[in-house]
Each structure stands twice: as structure tokens, then as C-alpha cells.
Amino acid sequence: MGGAFVGLADDGSAIYWNPAGLGFQGSSLSLSYTGISPMATYKYDAAMVDAKSVSQLHSAPNFFGNYNMGAWSFGLGVFVPAGLGVEWDGEELSNLTGGQALDWKSRIGVIDIAPAVAYKINDTCALGVTFKIYYAFFDLERPQMGQYVEESSGTGFGFTVGGLYKFNEMVQLGLTFRSETKVTMDGDASDTQIPIDSKFEREVTWPMWIAGGLAVHASKALTLTLDGQYSNWSVLDQLTAEYTDWGQEGHFLLNWDDATQIRFGANYDLSPAAAVRVGYYYDPAPAPDETLNILFPSSTNHVATAGFSYYAEKWTIDLGLEYLFGAERDVAPAPANE
């Protein structure tokens with residue numbers, strides 16, 4: 001449903017979108033798998049570069065559970081809420097590295113272990129909170145002095161709070177706040193032009209997120225949803241690595257901008273045993289032209305989604321598809337004195 005779920009929150013993934021939704025649910029277990037296949041192109045006329053990213057499939061397994069005890073519900077989620085990465089063929093980018101075919105690769109992700117609790121105040125209102133335990137990883141390969149390689153991981157903590165209010169049988173409203181989460185990454189780095197490897201630390205921040213959502217049960221079969229979701233990406237101004245053995249710092253200047261996503265979704269029950277869903281969302285690029293980096297892809301996307309569910313007596317099968325229509329970005333090279 002295009003991720004327009006904050007105002008509906010009627011399955012286990014409410015642990016992520018709006019934990020208050022657990023208060024209106026029964027007990028359930030959910031297992032899912034998401035396969036993500038990113039595609040990108042990069043063209044730099046002055047260097048005669050015309051490259052395509054290496055085809056990959058990133059796997060994201062997810063688990064959600066909810067145990068309902070009347071007014072109280074207790075949940076647990078183990079899932080992948082965010083990730084970013086790309087790999088390029090070094091031969092296609094060799095004009096940028098003096099004819100050498102070096103590796104260009106990034107892999108950034110989070111695994112969230114998320115216990116949750118919700119309280120149903122009455123038949124119209126519920127509140128919920130999710131405690132976030134982030135395990136994050138950050139792997140990078142790129143040209144520097146020579147071939148630079150790093151691997152790192154770290155742990156951080158945060159929380160999500162949400163509320164869900166049912167005005168009547170037709171309309172309900174959800175609100176969610178997710179805290180900023182800082183993760184100190186520890187790892188190892190090497191460069192083929194430096195005789196020793198180095199330990200390093202880098203602090204990475206996952207941004208604060210605020211969302212509001214409306215769900216309208218337009219008829220017995222049709223449900224419509226609308227979300228506005230704001231991410232405080234501007235906390236990612238610069239990523240700084242402190243190298244213990246090299247006695248220096250390394251910097252990635254990002255200066256990302258805050259962004260607001262607009263999301264729409266629809267669910268239509270074909271029968272008591274089957275439903276179809278569609279969705280759309282607009283996802284503006286947070287990275288400005290001045291800091292756009294092919295190892296941290298950032299494009300404005302128009303995204304279409306579709307799904308299907310089959311319901312049996314005690315279990316459900318869900319299938320979903322999401323496709324990002326990424327917009328091209330034309331970026332002029334910075335002047336030589338910058």
C-alpha cells in the first residue's frame with residue numbers, strides 16, 4: 001500500500017510503522033522475505049565514463065510477533081528497516097583512476113531488534129511504544145591513495161512512540177514519532193598505498209522520523225490510506241572516520257536535506273478469502289548536487305506498489321512488489337578551485 005500504513009497499522013509490521021496499532025489486533029506471528037535489486041547508471045562525459053551498476057539481490061528477512069492480553073499487547077520485531085548500497089565495475093570507471101580497475105562498492109544497513117508494547121485505552125484509542133536496538137554495518141571499497149577497503153559495525157538504541165484514534169467505524173488517524181539513533185561504528189581499514197592497516201571509529205546517525213496517517217474505510221470492501229512522513233536527513237552533514245593507526249581523519253561530506261514523503265494506498269477485498277492492494281509514494285532525494293556521490297545513491301523517486309493476500313482460517317499469504325522510477329540527475333562538476 002505504498003507504505004501508507006501509519007493510520008491503519010493493522011498487522012504485525014505496526015511495530016515499525018505505528019506500535020499503537022498492536023492494541024487493536026489479536027495475537028499473531030509473521031515471517032517475510034524481501035528481495036531488493038537496485039539498478040543505477042553513471043555517465044561523466046568529460047572522462048568518457050558510461051557505467052552501469054553491478055546487478056545484485058539484497059535479502060531482508062523479517063519477523064513480527066504480537067501477543068494480545070486484552071487491554072495490553074506485547075510485540076517483538078526483528079527486521080531490516082533501512083539499507084543503502086551499490087557496486088560498480090572498476091573497468092567501466094577506470095578513466096577516473098588513471099586507467100586502474102579499482103573496486104567501487106558500498107553496503108550500509110541496519111538490523112532492528114524491536115520489542116514493543118501497546119495499551120488499548122478504549123475501543124477508539126490506543127498508544128504504543130517500540131524500543132529499537134540497532135545493529136548496523138558499513139562496508140566500503142573505493143579509490144583513495146590506492147585501493148581503500150573498510151568494514152565496520154556498531155550498535156545503537158532508540159525508540160518509536162505512536163497513537164491511533166478511531167473517530168468512527170469509517171475514519172481513523174495515526175501519529176508516530178521515531179527518535180534519532182546514533183551508532184558508533186568500529187572497524188578496520190586498509191589502503192594498498194599504506195603499509196599498515198588501521199582501526200577506526202565513525203559515528204553514523206539514523207534520522208528522526210515523524211509521520212501522520214489517515215485511513216478511511218470507504219466501504220465494506222475498500223480501504224484508502226494517506227500518509228505524510230518527514231525524515232530529518234540534515235543530521236547527516238558529514239561522516240568522519242578517526243583512524244587510530246594512521247593518526248588522521250577521513251571525511252565524507254554529505255550535507256543532506258530534510259525530506260517529506262507523501263504516500264497513498266488502497267486495499268480492496270475481493271472476497272472474504274482474498275484482497276488486492278495498490279500504492280504510490282513520492283520520495284525526494286536528500287543529497288544536494290554539491291555532495292552527490294555514486295557510492296551513496298540518492299535520487300528522487302516516484303514509487304508504485306502492488307500486493308495480493310490470500311486468507312485462510314488461521315493464516316495468510318501476502319505477496320508484494322515495489323518499483324522505484326528514479327529520476328535522472330544532471331550535475332555539473334565543481335569548479336577546479338573548490
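On a predicted model such as this, the values are computed, not experimentally measured, just so you know. Just so you know, residue 1 is the first one in the sequence shown, and it goes up from there.
Tyr135 pairs by the ring-ring contact (aromatic ring centres under 6.0 Å, His included) definition with nothing, not counting sequence neighbours. In this structure, the ring-ring contact (aromatic ring centres under 6.0 Å, His included) partners of Phe296, at least two apart in sequence or on a different chain, are Phe252. Listed by chain and residue number, nothing satisfies the side-chain hydrogen bond (donor to acceptor under 3.5 Å, both in side chains) test with Asp257 (two or more places apart in sequence, or in another chain). Checked against side-chain hydrogen bond (donor to acceptor under 3.5 Å, both in side chains), Thr192 has no partners two or more places apart in sequence or in another chain. Here Trp209 pairs with nothing under the ring-ring contact (aromatic ring centres under 6.0 Å, His included) rule; sequence neighbours left out. Residues that satisfy the side-chain hydrogen bond (donor to acceptor under 3.5 Å, both in side chains) test with Asn122, not counting sequence neighbours, are Thr124.
Between Gln193 atom CD and Gln144 atom CD the span is 11.0 Å, to the nearest 0.5 Å. Here the OG atom belonging to Ser73 is positioned 7.5 Å from the CD atom belonging to Gln25, to the nearest 0.5 angstrom. The CG atom of Asn95 lies 5.5 Å from the CE atom of Met48; values are rounded to the nearest 0.5 Å. Note: Met208 CE to Ser179 OG = 10.0 Å, rounded to the nearest 0.5 Å. We find the CG-CD1 distance between Leu93 and Ile294 to be 5.0 Å, quoted to the nearest 0.5 Å. The OG atom of Ser106 lies 6.5 Å from the CG atom of Leu140; values are rounded to the nearest 0.5 Å.
Look at Asp227 and Arg263 and you find no salt bridge, because none of the NZ, NE, NH1 or NH2 atoms lies under 4.0 Å from a carboxylate O. Here Glu150 pairs with Arg202 in a salt bridge; the nearest charged N to carboxylate O distance falls below 4.0 Å.
The backbone N or O of Ala4 lies less than 3.5 Å from a partner atom in the side chain of Thr225, making a donor-acceptor pair. Checking side-chain atoms of Thr305 against main-chain N and O of Gly2 turns up a donor-acceptor pair under 3.5 Å. One N or O on the side chain of Asn18 and one on the backbone of Gly163 form a donor-acceptor pair closer than 3.5 Å. Between the side chain of Thr291 and the backbone N or O of Leu254, at least one donor-acceptor pair lies under 3.5 Å. Side-chain N or O atoms of Asp258 include one that pairs as donor or acceptor with a backbone N or O of Trp233 at under 3.5 Å. Panel note: side chain Asp245, backbone Lys199; a donor-acceptor pair is recorded below 3.5 Å. Under a 3.5 Å cut-off, the side chain of Ser271 and the backbone N or O of Ala273 do form a donor-acceptor pair. Formation of a donor-acceptor pair under 3.5 Å by the Thr176 side chain with backbone atoms of Gly162 is not found in this model. Between the Gln172 side chain and the Gly7 main chain, a donor and an acceptor come within less than 3.5 Å of each other.
Side-chain contact of Ser27 with Asn68: a donor-acceptor pair under 3.5 Å is absent, judged by distance alone. Side-chain atoms of Ser28 and Asn66 form no donor-acceptor pair, as typed in the model, at a separation below 3.5 Å. Side chain to side chain, His302 and Tyr282 fail the donor-acceptor criterion of an N or O pair below 3.5 Å. Under the 3.5 Å distance criterion, with hydrogens and angles disregarded, a donor-acceptor pair is assigned to the side chains of Glu87 and Gln56. Residues Tyr33 and Ser59 have side chains that bring a donor and an acceptor to within less than 3.5 angstrom of each other. For the residue pair Ser299 and Asn301, a side-chain donor N or O sits within less than 3.5 Å of a side-chain acceptor on the partner.
Thr34 has its side chain within reach of Ile36: a pair of non-hydrogen atoms, C-beta onward, lies under 4.5 Å apart. Contact check for Pro19 versus Thr160: side-chain heavy atoms found under the 4.5 Å cut-off. Side chains of Gln100 and Ser94 form no contact here, defined as non-hydrogen atoms less than 4.5 Å apart.
Under the 6.0 Å distance and 45° angle rule, Lys166 counts as a cation-pi partner of Phe24.
Both Leu84 and Val204 are assigned to one and the same hydrophobic cluster, defined by single-linkage of ILVMFWY side chains at heavy-atom distances under 4.5 Å. Ile108 and Leu295 fall within the same hydrophobic cluster, defined by Ile, Leu, Val, Met, Phe, Trp and Tyr side-chain heavy atoms under 4.5 Å apart, directly or through other members.
Within the structure, every pair that satisfies the salt bridge (charged side-chain N to carboxylate O under 4.0 Å, His left out) test and touches residues 123-135, not counting sequence neighbours, is listed here: Lys120-Asp123. Residue pairs satisfying the ring-ring contact (aromatic ring centres under 6.0 Å, His included) criterion with at least one member in residues 68-92, sequence neighbours excluded, are listed as follows: Tyr16-Phe79, Phe64-Phe79, Trp72-Tyr119. Residue pairs meeting the ring-ring contact (aromatic ring centres under 6.0 Å, His included) criterion with at least one member in residues 93-113, sequence neighbours excluded, do not occur.
Looking at every heavy atom in both residues, Gly65 comes nearest to Leu29 through CA-CD2, 4.0 Å. Residues Val6 and Gly213 come closest through the heavy atom pair CG1-N, 3.9 Å. Considering all non-hydrogen atoms of both residues, Ala189 and Tyr243 come closest at CB-CE2, 3.7 Å. Heavy-atom minimum distance, Val183 versus Ala136: CG1-CB, 4.1 Å. Closest of all the heavy-atom pairs between Pro38 and His58 is CD-CD2, 3.6 Å. Minimum heavy-atom separation, Ala285 to Thr300: N-OG1, 3.1 Å.
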List the steps and the verdict of side-chain contact (heavy atoms from CB on, under 4.5 Å) for Ser234 and Trp256. CA-CA 5 Å; Ser234 59; Trp256 280 16; over 6 Å; no
Walk me through whether Leu22 and Ile15 qualify under side-chain contact (heavy atoms from CB on, under 4.5 Å). CA-CA 7 Å; Leu22 299 178; Ile15 291 172; 3.8 Å; yes
Does Phe159 form a side-chain contact (heavy atoms from CB on, under 4.5 Å) with Phe177? I'd like the steps, not just the answer. CA-CA 8 Å; Phe159 64 90; Phe177 171 85; 3.9 Å; yes
Go through the steps to decide whether Ser152 and Asp186 satisfy the test side-chain contact (heavy atoms from CB on, under 4.5 Å), and finish with yes or no. CA-CA 5 Å; Ser152 64; Asp186 299 290; 5.9 Å; no
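Hydrophobic cluster membership of Val276, counting Ile, Leu, Val, Met, Phe, Trp and Tyr whose side-chain heavy atoms lie under 4.5 Å apart directly or via other members: Leu222, Leu224, Tyr268, Leu270, Phe308, Tyr310, Trp315, Ile317. Alongside Leu214, the hydrophobic cluster contains Tyr165, Phe167, Met170, Val171, Leu173, Val216 (criterion: ILVMFWY side chains under 4.5 Å).
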Please set out all donor-acceptor pairs under 3.5 angstrom arising from side-chain atoms of residues 320-331, sequence neighbours excluded.
from	atom 1	to	atom 2	distance (Å)
Glu322	OE2	Tyr281	OH	2.7
Arg329	NH1	Ala287	O	2.9
Arg329	NH1	Ser298	O	2.9
Arg329	NH2	Ala287	O	2.9
Arg329	NH2	Asp289	OD1	2.7

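Within a 6.0 Å radius of CD in Glu92, other residues, nucleotides and ligands contribute more than 12 heavy atoms.
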